[in-house]
Amino acid sequence: MSISNLEELGKILSLKEEEKNWTETGPSLSMLISDNIISLINPADPDDPIRKEFVPTMYENIESKESIDPLKEVENTKSARLIHRYNNRAALLVTSRCFAYCRHCFRRRFTSGDDGKITRDELEKAAEYLRRHKEIREVLITGGDMFTLSDMELDILLGKLKQAREDIIYRLCTRAFLANPERFTPSLMEIIKKHMHGAPFLLMCQFNHPRELNEKAVKAVSAFIDMGIPAFNQAVLLEGVNDDVDTLEELSYKLLYNRIKPYYLFQGDLVDGTAHLRCSLKKGLELEKELRKRVSGVAMPQYTMDLPEGGGKVILTENYVIGLTDGKWQIKSPFQGKRDYPEKSIN
Ligand SMILES: *Cc1c(COP(=O)(O)O)cnc(C)c1O
Ligand code: SF4
């Protein structure tokens, strides 16, 4: 049973003042917390990281001067529910529903709202758009969470997309490994298998804290990987959840140990109602620098910002390149001092 109101939640957790005073208005997002998430929250710890991700607080209600759509997704919506912001890839929002709502959700203008599921007509239009736009090579199937759709709806969805463009790499984007690991039944996995022809599927997970990778979650992810689908993780840097280097290091290695490549570590977007969960960029850059020293190349996610006003994604890292003088580049070592590297050897 999922929890969707404060009264129910109050029976399980002793609510803090800022939690009691949350109201679902303005830039806020519905509350929905699933069983598996509840099982991960330590009720004795008022600062539990998983609790911070899912239990809303009054800080969300404080109106800010930030944006509800800083990534300009609405402006870049080309066909119903298809965001085409980068030339060669697009995102298809197949539903506004999730099994649980993350308080840091950057798409909260849409998530948990009234749009619901993609209609047959919208799906036809999206498929037509993909047919006409051969420059698109990758499509993110996202929302909301695609796996809130029923087995039959997913069968139709994947069938239509593969029929339109078998050569597109479709990314299956979900948070359900944490929010509802039981969703990945053998019959669902059969449906996915049925559509594994043409270009591969990629699995895109969101795990923000090592504790989220419990036995159930890992088992569900493994079912995809065992079928031959590579898995990647997109984490969000969140204050009080994972904004310390030990937690990030543990997350990276737990992911890698379970065959999931840490792909992105996102700096929080400037979305209304999420400011209190955002880590400062200064601290984020320090964490990135420190993490890079502690983990291997494959265990290192790319610390990334989706620039405001639809500027696109950029990788954030310590600037190691000092500059070019007299034909020589000066580059900082991550360990100590600096080194020279010639611009071009002349011979
Ligand atoms: C992030 C994003 C993508 C995928 O970008 P990658 O950097 O390839 O992971 C595609 N479309 C939109 C609209 C996005 O925001
Ligand atoms: S699962 Fe994704 S879309 Fe749903 S609330 Fe969380 S971040 Fe937003």
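Order of appearance sets the numbers: ligands from 1, and atoms from 1 within every ligand. Numbers here simply count residues along the sequence, with the first being 1. Below, each value reflects all heavy atoms present in this structure, side chains not excepted, and no hydrogens, waters or symmetry copies.
The side chain of Q206, and not its backbone, has at least one atom closer than 4.0 Å to an atom of ligand 2 (non-hydrogen atoms only; side chain from C-beta on). Residue K313 touches ligand 1 through its side chain alone, judged by heavy-atom distances below 4.0 Å. Proximity of L71 to ligand 1, defined as any heavy-atom pair under 4.0 Å, is not found for any part of the residue.
Ion pairing between a basic and an acidic side chain is recognised when a charged N comes within 4.0 Å of a carboxylate O; R120 and E124 show no such pairing. Ion pairing between a basic and an acidic side chain is recognised when a charged N comes within 4.0 Å of a carboxylate O; E212 and K254 show no such pairing. Ion pairing of K332 with E318 is present here, as a side-chain N (NZ or NE/NH1/NH2) and a carboxylate O approach within less than 4.0 Å.
Within the 4.0 Å heavy-atom cutoff, R171 counts among the residues contacting ligand 1.
Every atom of ligand 2 with a heavy atom of C102 under 4.0 Å away is listed here by number and element: 1 (S), 5 (S), 6 (Fe), 7 (S). If you number the atoms of ligand 2 from 1 as listed, the ones under 4.0 Å from a heavy atom of Y101 come out as 5 (S).
Counting backbone and side-chain atoms alike, C105 contributes no N/O/S atom closer than 2.8 Å to atom 4 (Fe) of ligand 2.
If you check each of F232, F106, Y264 against atom 7 (O) of ligand 1, the one with the closest non-hydrogen atom is Y264.
Of the polar atoms of R89, at least one N or O is found under 3.5 Å from an N or O of ligand 1, judged by distance alone. At a 3.5 angstrom cut-off on N or O pairs, Y86 does not count as close to ligand 1.
The CZ atom of R103 lies 8.0 Å from the NE2 atom of H276; values are rounded to the nearest 0.5 Å.
Among protein heavy atoms, the minimum distance from atom 4 (Fe) of ligand 2 is reached at C98 SG, 2.3 Å. Given atom 1 (S) of ligand 2, the protein heavy atom at minimum distance is R175 CB, 3.5 Å.
Of all heavy-atom pairs spanning D145 and C98, the tightest one is N-SG, 3.8 Å. Closest of all the heavy-atom pairs between F54 and I33 is O-CD1, 3.6 Å.
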